[in-house]
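A short write-up of the structure that comes next.
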Amino acid sequence: MTPQFDAIIVGAGFGGMGAAIALRELGYERLSILDREDDLGGTWHVNHYPGLAVDIASVTYSYSFAPNPHWSRLFAPGAELKKYAEHIADTYDLRRSMRFGVSVQRADWDDREHHWTVTTDAGETLTGRFLVTATGFLSQPHTPDFPGIDTFAGTIIHTTRWDDAHDFTGERAAIIGTGATAVQLIPEIAARATALTVFQRTPIWVVPKIDFAIPPVVQRLFARVPRTQRAARSVNNAILEGIMVVGVLHFRQAKIVNKIAAAAARAHLRVSVRKRATRKALTPHYDFGCKRPTFSNKYFRTFNRPNTRLQTSSIERFESDAVITADGTRTPIDTLVLATGFNLWDTNFPALQIIGREGRDLGAWWREHRFQAYEGITIPRFPNLLSLNSPYSYSGLSYFTTIESQMAHMRRLLGELSRRGAATFEVTDDANSAFLDDVTEKLGDSVFYGGQCSTSRSYYFNQHGEAALLRPTSTSNSLHAASTFPVSDYQFS
Ligand code: NAP
């Protein structure tokens with residue numbers, strides 16, 4: 001039976017679009033790109049809270065093969081990323097393959113017909129020769145179940161479901177969380193609300209943000225002489241690579257780099273926040289790099305505002321109009337903002353049920369046998385599956401370096417498949433185990449194992465305490481491996 005599609009791609013963000021571009025180049029035209037949201041762009045469609053911007057310079061945070069000369073700032077606002085995603089979909093004619101409002105529930109490998117059967121929430125089934133999951137790392141919002149929250153009569157907004165029409169003017173607002181999202185949002189709410197209480201459980205390392213508008217003359221130069229933008233990208237890539245390889249992956253050998261970064265963040269805090277007690281409460285007690293640090297020139301200063309209060313006592317319960325903390329404080333509020341992040345390790349990895357050969361359930365297998373994926377993309381017993389958001393797949397600091405490595409892996413793997421005239425590929429157990437052993441050993445030098453991370457509550461760590469997200473190599477190594485891995489690491493049939 002011929003499957004309906006060459007490939008079913010779950011997710012219409014930058015990962016799914018990159019996979020679609022690679023598949024089209026390889027001659028696979030019958031694609032179905034499914035997304036549960038009502039438009040494309042993934043993270044950059046879902047997130048539109050005030051203050052949203054990239055935290056990787058925009059010359060790097062884009063596909064290398066599709067540079068955008070028109071970024072307005074060094075760190076572009078979120079809305080420009082959404083526009084860039086639309087531009088990519090139009091340029092590569094991807095929209096005709098996309099369907100929105102389609103939530104994929106499960107995918108089953110059919111070992112007789114050699115295809116995947118995908119089932120949606122609405123009960124529809126689709127068949128595809130290949131299955132590509134591009135569901136993102138930070139895509140399952142985390143909403144803590146605080147006692148009494150159901151009785152809270154005010155407004156609750158999670159940052160991933162931002163209500164653009166909500167007006168904080170005259171309101172008593174509260175925000176739970178002090179991650180990268182909250183750091184961008186807190187100054188914006190403080191500027192609008194009458195009162196803002198920030199509920200912090202774990203402080204975050206924040207360094208100053210060197211950001212500026214890119215003058216039109218430079219944008220014109222980038223457009224007319226693309227080599228100049230490529231040069232800017234190379235310089236920024238080299239800086240990011242240095243930070244990643246030295247500061248994160250070789251922490252044991254180069255602790256000084258982390259110490260300097262922490263000192264810079266402490267100095268930034270000292271000059272920004274007037275009250276000593278507030279400074280102390282905002283100072284992290286874990287090593288720089290254990291969880292994703294962030295940049296801001298506004299975040300710390302917001303705590304000098306008379307309308308902004310930092311609350312570090314833990315949340316005990318909610319009442320209809322207030323939050324009660326363990327120290328007995330009752331904070332009356334009108335609107336509660338949940339900047340409580342995402343659940344990676346329970347409800348993601350994978351984001352849908354995937355059943356491979358021999359009835360292997362990917363989610364259950366990962367939880368029982370360690371999170372693992374060969375080169376962060378394929379898994380034994382899952383033929384013709386490309387799982388883009390896999391353990392140890394995240395390469396470098398910009399998501400685009402991950403995507404482009406995975407596109408290279410797809411080109412080599414699927415190129416070999418068609419050269420052999422084979423129907424299926426499946427990574428061998430040996431290759432998968434060797435990769436897992438290799439990354440496990442390499443991570444031993446990283447800040448995650450060499451640093452003091454126990455109090456960081458970082459989403460880089462899974463429920464077993466393993467830092468199973470980042471690939472512990474340079475991005476150039478990752479790209480090289482993606483284009484040169486031994487094809488004998490796969491069985492083709
Ligand atoms: P996050 O880093 O996971 O932060 C979630 C926050 O909510 C943390 O402060 C966490 O405290 C708090 N929290 C969660 N459950 C809680 C509970 N039960 N009680 C009290 N506090 C609770 O999520 P995020 O800020 O959304 O950022 C996630 C990632 O998205 C970032 O690391 C970054 O990679 C990405 N991001 C990027 C950008 C950008 O590029 N510009 C912007 C925003 C986000 P604990 O730390 O104590 O758990």
Do [X] side-chain atoms and [Y] backbone N/O form a donor-acceptor pair below 3.5 Å?
X    : Y    : result
D445 : R252 : no
S393 : N389 : no
W116 : P383 : yes
T475 : G396 : no
Q353 : A107 : no
R201 : I176 : no
R227 : F222 : no
N343 : H142 : no

In Å, rounded to the nearest 0.5 Å, how long is the span from [atom1] of [X] to [atom2] of [Y]?
X    : Y    : atom1 : atom2 : answer
L74  : I210 : CG    : CD1   : 8.5 Å
L221 : I214 : CG    : CD1   : 11.5 Å
K291 : I204 : NZ    : CD1   : 6.5 Å
F137 : L388 : CZ    : CG    : 8.5 Å
L352 : T120 : CG    : OG1   : 11.5 Å
L469 : Y394 : CG    : OH    : 8.0 Å

Taking C-beta and beyond as the side chain, do [X] and [Y] meet within less than 4.5 Å on heavy atoms?
X    : Y    : value
T133 : L386 : no
D430 : F435 : no
L126 : R99  : yes
W44  : E80  : no
I260 : V257 : no
W366 : P391 : yes
T340 : H158 : yes
F288 : R266 : no

side-chain contact (heavy atoms from CB on, under 4.5 Å) evaluation trace for V132 with V10: CA-CA 6 Å; V132 182; V10 187; over 6 Å; no
Audit row: F342, Y459, ring pair (Phe, Tyr, Trp, His ring centres under 6.0 Å) steps and yes/no: CA-CA 8 Å; F342 303 87; Y459 66 76; 8.1 Å; no
Between N237 and E241: side-chain donor-acceptor atoms closer than 3.5 Å: no
Taking everything shown except [X] itself, do over 12 heavy atoms lie less than 6.0 Å from its [atom1]?
X    : atom1 : answer
Q219 : CD    : yes
R96  : CZ    : yes
K298 : NZ    : no

Mutual orientation of the aromatic rings belonging to F485 and H409 [parallel < 30°, tilted 30-60°, perpendicular > 60°]: parallel
Do you know the tightest heavy-atom contact between [X] and [Y]?
X    : Y    : result
P350 : I354 : CB-CD1, 4.0 Å
P203 : T178 : CA-OG1, 4.4 Å
A351 : T135 : CB-OG1, 3.7 Å
F425 : N384 : N-OD1, 2.8 Å
G18  : I403 : CA-CG2, 4.2 Å
V198 : I186 : CG1-CD1, 3.7 Å

K82/D39 salt bridge by N-O under 4.0 Å criterion: yes
Test ring pair (Phe, Tyr, Trp, His ring centres under 6.0 Å) applied to F295 and F75, step by step: CA-CA 11 Å; F295 326 86; F75 294 94; 5.5 Å; yes
Salt bridge (charged side-chain N to carboxylate O under 4.0 Å, His left out) partners of R30, counting only residues at least two apart: D6
Test log, rule salt bridge (charged side-chain N to carboxylate O under 4.0 Å, His left out), inputs D287 and K259: CA-CA 8 Å; D287 277 326; K259 302 286 171 218; 3.5 Å; yes
Worked verdict on Y490 versus E426 for side-chain contact (heavy atoms from CB on, under 4.5 Å): CA-CA 5 Å; Y490 282 93; E426 183 181 329; 5.7 Å; no
R420 and E416: CA distance, side-chain angles, deciding distance, salt bridge (charged side-chain N to carboxylate O under 4.0 Å, His left out) verdict: CA-CA 6 Å; R420 293 180 185 221; E416 184 64 19; 2.6 Å; yes
Test salt bridge (charged side-chain N to carboxylate O under 4.0 Å, His left out) applied to E37 and R161, step by step: CA-CA 11 Å; E37 302 298 333; R161 288 279 172 255; 3.6 Å; yes
Test side-chain contact (heavy atoms from CB on, under 4.5 Å) applied to L40 and R95, step by step: CA-CA 9 Å; L40 60 88; R95 282 186 201 263; 3.7 Å; yes
So, do [X] and [Y] have ring centers that fall under 6.0 Å from each other?
X    : Y    : answer
F371 : W345 : yes
F5   : F130 : no
F400 : Y61  : yes
F14  : Y84  : yes

Intermediate values then yes/no, side-chain hydrogen bond (donor to acceptor under 3.5 Å, both in side chains), R370 and T440: CA-CA 11 Å; R370 295 183 63 190; T440 304; 3.0 Å; yes
Sole candidate of S398, S64, S395 that passes side-chain hydrogen bond (donor to acceptor under 3.5 Å, both in side chains) when paired with E404: S64
Derivation and outcome, salt bridge (charged side-chain N to carboxylate O under 4.0 Å, His left out), residues D55 and R292: CA-CA 11 Å; D55 60 3; R292 179 134 179 163; 3.0 Å; yes
Chi angles and distances behind the side-chain contact (heavy atoms from CB on, under 4.5 Å) call for L417, F492: CA-CA 7 Å; L417 187 79; F492 298 90; 3.6 Å; yes
N47 and its side-chain contact (heavy atoms from CB on, under 4.5 Å) partner, picked from T160, L138, L81: T160
